[in-house]
Engineer: 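Okay, handing you the structure first.
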Amino acid sequence: MLDRVLHDQPAEVRRTVPVLIGARLAGNATYRYTAPFLAVIGTGLGVSLATMGLAVSVGELAGIGAPALGRAIDRSDRRMAMVLGLVGVAGAAILAAVSPSVWVFALALVMLTLSKITYDSSMSAWIGDRVRYEARGRVLGIAETSWALGMLLGVPILGLVTALWSWRLAFIVVAVADLALGVALRHRTTPTPSPARTATHRHLVVTSPMVALFAMLMLLMGGSQCVFVVFGAWLEDRHGFSPATIGVAAVVLGAAELTASAGAALRADRWGKRRSLIAGAAVMAPAAALLGAAGGSAALGLVLLATFVLGFEFALVSALPIVSELDPANRAAAFGMAIGCGTVGRGLASVAATRLYEAHGLVGATLLAAVLGTSALLVAILAVREPDGLADQRESAITNRLVPPV
């Protein structure tokens, strides 16, 4: 199936993208497991949901280091950076599994965030180096399905392990998967020098369009985090869901994300990346507001939650090709900046949303999500722009050095 979707891409892209998706799926399952089981893990560590929210915030704020990681990746072998990222994710999962306290768990989340940034930035830069901008929404959208599959496949499996044994064993299971896929990636791909090693290098220069896009991503991802860190607690507190049934509910979210990622892969290049971004944010914001009002019904709440996730993911996936074209000679640095801003938004939102949930229930957290989502929409409409034709020319020159015309 992927061969049909990628039929117009170089052989190297067609061969490598499935491996990249599998590896990222395992990393995403590791990363995404914590949020829906935050209350369960907090009980195991003997702390409140608000304290767990603070631990998540510490982990997310480690994303401030993303720009420095991106600059390092732009001077390194993309393949080696991806492998090191996966090994780091596995190490973080093992540390989380053996954590004796919430603060050691927070340290594991810091390690997890930095390792995920390393893998995601190098993978996205690898794709950006080899796929022309006009088709990049499709290829990045396909790769981004691994985020949805992490929730759709990974989290329910880990939820079942949690229900049958413990959350600590769930981290061990996913660590083994990360290591195995890191080895597979190392053997299935070839060394991949970055453009910075094949051309005269200069640092990423931050411009006004970049600032607008990064601010929008901070707001967008902060809004999403407001919902992600409390929906598991809401299902458990308000509707009596167990860890296993929370894992089943994660399937609904994963299906919505997969639909959105596939939709963005099919439509963003045709509609325009900016227009698709605006459409997704326009769905996300009102869905958040309605979710708080409908929190008394599990069925309606899950429908609105899926709608919220669909809008968010469609907007995010549509924004990624724009990030990849901000500076073709410094793609990983640009992705690092974008991820760093996004993790700062998530980190601040984690603290605010868990405290609002404990004080006001679901409505408090979702109201903040709606405000942040609306702000992201306004920034996208007023200030975000797609790259101009000069960017395409710069990208083509770099791509031609790396990949012979086909």
Engineer: Report all side-chain donor-acceptor pairs from residues 274-291 shorter than 3.5 Å, counting only partners two or more places apart or in another chain.
Structural biologist:
residue	atom	partner	partner atom	Å
R274	NE	V384	O	2.7
R274	NH2	I381	O	2.8
S276	OG	G272	O	3.0

Engineer: Would the distance check show the side chain of S122 and the main-chain N or O of Y119 forming a donor-acceptor pair, the cut-off being under 3.5 Å?
Structural biologist: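 Pair found, side chain donor or acceptor close to backbone of Y119.
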Engineer: Run the numbers on V40 and E236 for side chain to side chain contact (heavy atoms under 4.5 Å, CB included), then give the verdict.
Structural biologist: CA-CA 9 Å; V40 174; E236 183 179 357; 4.2 Å; yes
Engineer: V102: what forms a side chain to side chain contact (heavy atoms under 4.5 Å, CB included) with it, not counting sequence neighbours?
Structural biologist: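 Counting only residues at least two positions away or on another chain, V102 forms a side chain to side chain contact (heavy atoms under 4.5 Å, CB included) with L45, V47, T51, M52, A55.
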Engineer: Enter the distance from I117:CD1 to F335:CZ here, rounded to the nearest 0.5 Å.
Structural biologist: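 With rounding to 0.5 Å, CD1 (I117) is 13.0 Å from CZ (F335).
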Engineer: Would you say the side-chain atoms of T259 pair up with the backbone N or O of A255, donor to acceptor, closer than 3.5 Å?
Structural biologist: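 A pair under 3.5 Å: yes.
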Engineer: Indicate the atoms forming the closest heavy-atom contact of L38 with G53, along with that distance.
Structural biologist: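 In terms of heavy atoms, the two residues are closest at CD2-N, 4.4 Å.
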Engineer: Spell out, as yes or no, whether a donor-acceptor pair under 3.5 Å connects the side chain of S115 to the backbone of L112.
Structural biologist: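 Side chain of S115 to backbone of L112: no pair is present.
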Engineer: Can you pull the salt bridge (charged side-chain N to carboxylate O under 4.0 Å, His left out) pairs that have at least one residue in residues 361-385, sequence neighbours excluded?
Structural biologist: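 Residue pairs passing salt bridge (charged side-chain N to carboxylate O under 4.0 Å, His left out), neighbours aside: none found.
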Engineer: Between T354 (side chain only) and V351 (backbone N and O only), is there a donor and an acceptor less than 3.5 Å apart?
Structural biologist: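 Yes.
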Engineer: Using a 4.5 Å cut-off on heavy atoms from C-beta on, say whether the side chain of L305 contacts that of V227.
Structural biologist: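 Result yes, sub-4.5 Å side-chain heavy-atom pair found.
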Engineer: Would Y357 and V229 satisfy side chain to side chain contact (heavy atoms under 4.5 Å, CB included), going step by step from the backbone distance to the final call?
Structural biologist: CA-CA 10 Å; Y357 177 83; V229 295; over 6 Å; no
Engineer: Using 0.5 Å steps for rounding, measure from the CH2 atom of W126 to the CG atom of D77.
Structural biologist: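 It is 12.0 Å, given to the nearest 0.5 Å.
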Engineer: Quick check: closest heavy atoms across A262 and T145, and the distance to 0.1 Å?
Structural biologist: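 Looking at all heavy atoms of both residues, the shortest contact is N-CG2, 4.5 Å.
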Engineer: Are any of the side-chain heavy atoms of V17 and I21 separated by less than 4.5 Å?
Structural biologist: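 Contact flag for V17/I21 side chains = yes.
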Engineer: Please report the interatomic distance CG(D269) to CZ(R132), rounded to the nearest 0.5 Å.
Structural biologist: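 Going from CG on D269 over to CZ on R132, the span is 8.5 Å.
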Engineer: Could you walk me through whether T34 and I41 pass the side chain to side chain contact (heavy atoms under 4.5 Å, CB included) check?
Structural biologist: CA-CA 8 Å; T34 300; I41 297 170; 4.3 Å; yes
Engineer: Can you name the residues that form a side-chain hydrogen bond (donor to acceptor under 3.5 Å, both in side chains) with Y31, not counting sequence neighbours?
Structural biologist: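 Applying side-chain hydrogen bond (donor to acceptor under 3.5 Å, both in side chains) to Y31 gives E60, R346.
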Engineer: The test is side chain to side chain contact (heavy atoms under 4.5 Å, CB included); show your working for L372 and C226 and say whether it passes.
Structural biologist: CA-CA 9 Å; L372 293 175; C226 288; 4.0 Å; yes
Engineer: Can you list every pair that meets side chain to side chain donor-acceptor pair (under 3.5 Å) and has a residue in residues 158-170, with sequence neighbours left out?
Structural biologist: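 Sorted result for residues 158-170: Y33-T162.
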Engineer: If only atom types and distance count, is the side chain of E386 paired as donor or acceptor with the main-chain N or O of K273 below 3.5 Å?
Structural biologist: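 Here the side-chain-to-backbone pair exists.
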Engineer: So, do S124 and L320 sit near enough that their side-chain heavy atoms are less than 4.5 Å apart?
Structural biologist: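 S124 does not reach L320 side chain to side chain.
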Engineer: At their closest point, which heavy atom of G141 faces which heavy atom of V317, and how far apart are they?
Structural biologist: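 Heavy atoms of G141 and V317 come nearest at CA-CG1, 3.6 Å.
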Engineer: Looking at T113 and G59, would you say the former's side chain and the latter's main chain have a donor-acceptor pair under 3.5 Å?
Structural biologist: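 Between the backbone of G59 and the side chain of T113 there is a qualifying donor-acceptor contact (under 3.5 Å).
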Engineer: Measure the spacing between CG of L179 and CD1 of I94 and express it to the nearest 0.5 Å.
Structural biologist: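 So the gap between those two atoms works out to 6.0 Å.
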Engineer: Run the side chain to side chain contact (heavy atoms under 4.5 Å, CB included) test against L107 and tell me which residues pass, sequence neighbours left out.
Structural biologist: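 Listed in chain order: L95.
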Engineer: Report yes if the side chains of W103 and L54 come closer than 4.5 Å at any heavy-atom pair, otherwise no.
Structural biologist: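 A side-chain contact exists here, since the closest heavy-atom pair is under 4.5 Å.
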Engineer: Please list, chain by chain and in numerical order, all residues satisfying ring pair (Phe, Tyr, Trp, His ring centres under 6.0 Å) with F312, sequence neighbours excluded.
Structural biologist: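 Partners of F312 under the ring pair (Phe, Tyr, Trp, His ring centres under 6.0 Å) test: none.
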Engineer: Considering residues at least two apart in sequence or located in another chain, which fulfil the side-chain hydrogen bond (donor to acceptor under 3.5 Å, both in side chains) criterion with R32?
Structural biologist: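 Counting only residues at least two positions away or on another chain, R32 forms a side-chain hydrogen bond (donor to acceptor under 3.5 Å, both in side chains) with E257.
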Engineer: Short question: side chain of R78, backbone of M123 - any donor-acceptor pair under 3.5 Å?
Structural biologist: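 Looks like no, no N/O pair under 3.5 Å.
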Engineer: Within the 4.5 Å heavy-atom criterion, are L149 and L258 side-chain neighbours or not?
Structural biologist: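 Of all side-chain heavy-atom pairs linking L258 with L149, at least one is under 4.5 Å.
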Engineer: Which residues pass the side-chain hydrogen bond (donor to acceptor under 3.5 Å, both in side chains) test with T343, sequence neighbours left out?
Structural biologist: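 T343: no side-chain hydrogen bond (donor to acceptor under 3.5 Å, both in side chains) contacts found.
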Engineer: Locate the shortest heavy-atom distance separating L69 from L114; write the atom from each residue and the value.
Structural biologist: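 In terms of heavy atoms, the two residues are closest at CD1-O, 3.6 Å.
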Engineer: Return the minimal non-hydrogen interatomic distance between L316 and L217, and the atom names on each side.
Structural biologist: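 Heavy atoms of L316 and L217 come nearest at CD1-CD2, 3.9 Å.
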Engineer: Kindly state each residue pair satisfying salt bridge (charged side-chain N to carboxylate O under 4.0 Å, His left out) with at least one member in residues 99-128, sequence neighbours excluded.
Structural biologist: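 Sorted pair list: R24-D120, K116-D120.
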Engineer: Considering all heavy atoms of both residues, which atom of A260 and which atom of E313 are nearest to each other, and what is their separation?
Structural biologist: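 Shortest heavy-atom contact: CB-CB, 3.6 Å.
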Engineer: So, using ring pair (Phe, Tyr, Trp, His ring centres under 6.0 Å) as the criterion, who are the partners of F228 when residues are at least two apart?
Structural biologist: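 With neighbours one apart ignored, the set is empty.
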Engineer: Nearest 0.5 Å, what's the CZ-CZ distance between R267 and R138?
Structural biologist: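 Rounded to the nearest 0.5 Å, the CZ-CZ separation comes out at 13.0 Å.
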Engineer: Decide yes or no for V19 and L181: does some side-chain heavy atom of the first lie under 4.5 Å from some side-chain heavy atom of the second?
Structural biologist: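 Side-chain contact under 4.5 Å: no.
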Engineer: Answer yes or no: is there a side-chain heavy-atom contact under 4.5 Å between R238 and L362?
Structural biologist: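 Counting from C-beta outward, R238 and L362 never come under 4.5 Å.
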Engineer: Which residues pass the side-chain hydrogen bond (donor to acceptor under 3.5 Å, both in side chains) test with D178, not counting sequence neighbours?
Structural biologist: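 With sequence neighbours excluded, D178 shows a side-chain hydrogen bond (donor to acceptor under 3.5 Å, both in side chains) to T30, given in chain and number order.
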Engineer: Kindly indicate whether the side chain of V56, heavy atoms from C-beta on, has any atom under 4.5 Å from the side chain of Q225.
Structural biologist: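 Sidechains of Q225 and V56: in contact.
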Engineer: Nearest 0.5 Å, what's the CG-OG distance between L140 and S261?
Structural biologist: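 Here the rounded value is 11.0 Å.
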